[in-house]
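Structure incoming, see below.
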Amino acid sequence: MTDIQVRLVEGAEREAALAVEEKIFREENYPYDYRQFDDQSRVFGAFDGDICIGALRMIGAGRHLPPFITDCQLWHPEVPMALFHTGQLEELGTVVVVEASRSANIALELYRAAFQTSRGLGVTHWGIVMEAERTEFLNTAIHTTFEQCGDIGFHDWAIPPYIMDLLEFEKNMHDCDPAFYAWATEGMISAPVYGEVL
């Protein structure tokens, strides 16, 4: 089997990743109107050889506010809006992996690439709209620190918005699982904040 490669994509690879994103969202009946954010999104792709098998989209500052802000009832909307307009907050808009590859930790590799790139660019917070059980799993399994920041309800789905401080996430990884922290920050563009990489 070809080694899976995860990278920030442009051009034809970006279009391949976005096609996978849309296909999976539509197959699973999730609301999909993310193409309007293409010009303000960074896209990461997971490739098995020349075949895209996963994608992750980060929505940054631009002419459209992201769904995390516009389609959710945030408890204190002025905070994420201010962070978003200054480029300090991005929405982790989508993450998808084709069904046949979902047991290969590809989503984890996509999260890692997005985290490292965001930190390197000075992004301080991520917003996300995700099922409570999936967010709880991320907080437990990979030490994310997502906190609910609004009411349940997203396009008639029982899903709340969450926000995460990336430095808190990094510290939590460092304190809870030094080996995972070392893997997650290996080769990071900006130097890790919390001690030596173990």
Side-chain angles (χ1 to χ4, degrees), residues 1-10 13-14 16-18 20-21 24-25 34 37 40-49 51-60 66 68 87-131 133-147 162-198:
M1 179 177 164
T2 308
D3 288 337
I4 306 300
Q5 298 291 320
V6 172
R7 54 186 173 266
L8 183 65
V9 290
E10 296 294 344
E13 286 191 336
R14 177 185 168 102
L18 293 177
V20 169
E21 170 195 79
I24 292 175
F25 263 65
Y34 289 91
F37 303 108
Q40 62 194 78
S41 294
R42 276 196 317 282
V43 178
F44 299 84
F47 289 83
D48 184 354
I51 307 300
C52 185
I53 58 173
L56 183 149
R57 176 196 291 263
M58 298 299 303
I59 303 171
F68 164 76
Q88 295 174 278
L89 180 143
E90 296 178 324
E91 178 170 340
L92 201 170
T94 66
V95 59
V96 297
V97 178
V98 298
E99 189 171 1
S101 300
R102 287 181 186 167
S103 62
N105 288 328
I106 294 166
L108 190 59
E109 293 279 359
L110 288 163
Y111 285 127
R112 176 191 183 197
F115 165 71
Q116 289 194 359
T117 302
S118 290
R119 280 277 288 109
L121 292 172
V123 174
T124 61
H125 291 77
W126 279 359
I128 195 170
V129 182
M130 184 180 282
E131 297 90 337
E133 61 272 16
R134 289 182 65 193
T135 309
E136 183 177 341
F137 172 78
L138 290 177
N139 283 352
T140 301
I142 65 170
H143 316 294
T144 55
T145 54
F146 283 111
E147 296 181 358
Y162 297 86
I163 195 166
M164 177 172 72
D165 182 313
L166 292 182
L167 291 182
E168 286 182 3
F169 170 38
E170 191 172 328
K171 182 179 187 306
N172 200 43
M173 282 192 291
H174 177 269
D175 293 347
C176 294
D177 191 340
F180 183 80
Y181 169 80
W183 173 82
T185 59
E186 181 181 5
M188 199 157 72
I189 297 169
S190 60
V193 172
Y194 297 96
E196 294 296 320
V197 175
L198 304 176

Problem set entry | Nearest-0.5 Å distance that lies between atom CD1 in Ile163 and atom CD in Glu147 | 9.0 Å
Exercise. Side chains of Thr117 and Phe44: does their closest heavy-atom pair fall under 4.5 Å?
Worked result: yes
Exercise. Between Thr124 and Gln88, is there a donor-acceptor pair closer than 3.5 Å when you use the side chain of the first and the backbone of the second?
Worked result: yes
Exercise. Which value, rounded to the nearest 0.5 Å, describes the distance between Lys171 atom NZ and His174 atom NE2?
Worked result: 8.5 Å
Problem set entry | Residue pair Pro66 / Glu91: nearest heavy atoms and the distance that separates them | CB-OE1, 3.0 Å
Problem set entry | Side-chain donor or acceptor of Glu90 paired with backbone N/O of Met58 under 3.5 Å | no
For this session: Kindly determine whether Arg112 and Trp183 satisfy side chain to side chain contact (heavy atoms under 4.5 Å, CB included), including the steps that lead there.
Result: CA-CA 9 Å; Arg112 176 191 183 197; Trp183 173 82; 3.2 Å; yes
Exercise. Do you know which two heavy atoms are closest between Ala17 and Ala55, and how far apart they sit?
Worked result: O-CB, 3.4 Å
For this session: Check whether more than 12 heavy atoms from other residues, nucleotides or ligands sit under 6.0 Å from atom CD of Glu131, and answer yes or no.
Result: yes
Exercise. At what distance, to the nearest 0.5 angstrom, does CG of Asp175 lie from CD of Glu170?
Worked result: 10.5 Å
For this session: Taking all heavy atoms of Val6 and all of Ala113, pick out the closest pair and write down the distance.
Result: CG1-CB, 4.0 Å
Problem set entry | Tyr181 vs His143 side-chain heavy atoms within contact, under 4.5 Å | no
Exercise. Would you say Glu13's side chain and Cys52's backbone share a donor-acceptor pair under 3.5 angstrom?
Worked result: no
Exercise. With no hydrogens and no angle check, is any side-chain donor or acceptor of Asp165 less than 3.5 Å from a backbone partner on Glu168?
Worked result: yes
Exercise. Quick one: CD1 on Ile4 to CZ on Phe47, what's the gap to the nearest 0.5 Å?
Worked result: 11.0 Å
Seminar exercise, completed: Nearest heavy-atom contact between Ile53 and Ser101 is CD1-OG, 3.8 Å
Exercise. Where do Ala184 and Met173 come nearest, in terms of heavy atoms and distance?
Worked result: CB-SD, 3.6 Å
Exercise. Thr185 versus Phe115: any side-chain heavy-atom pair under 4.5 Å?
Worked result: yes
Problem set entry | Check: Arg42 side chain, Gly60 main-chain N or O, donor-acceptor pair, under 3.5 Å | no
Exercise. Taking Tyr111 as the fixed residue, which of Thr144, Ile106, Leu92 is the one that meets the side chain to side chain contact (heavy atoms under 4.5 Å, CB included) rule?
Worked result: Leu92
Seminar exercise, completed: Interatomic distance, CG@Leu138 vs CE@Met164, rounded to 0.5 Å, equals 8.5 Å
For this session: Working to the nearest 0.5 Å, report the span between CE of Met130 and CZ of Phe137.
Result: 10.5 Å
Problem set entry | Min side-chain heavy-atom separation Glu10-Val43 under 4.5 Å | no
Exercise. What closest approach, in Å, do Cys176 and Pro178 show between heavy atoms, and which atom pair accounts for it?
Worked result: C-CD, 4.0 Å
Problem set entry | Asn139 side chain vs Phe146 backbone, donor-acceptor pair below 3.5 Å | yes
Problem set entry | Sidechain-backbone polar pair: Arg57 side chain, Tyr34 backbone, donor-acceptor under 3.5 Å | yes
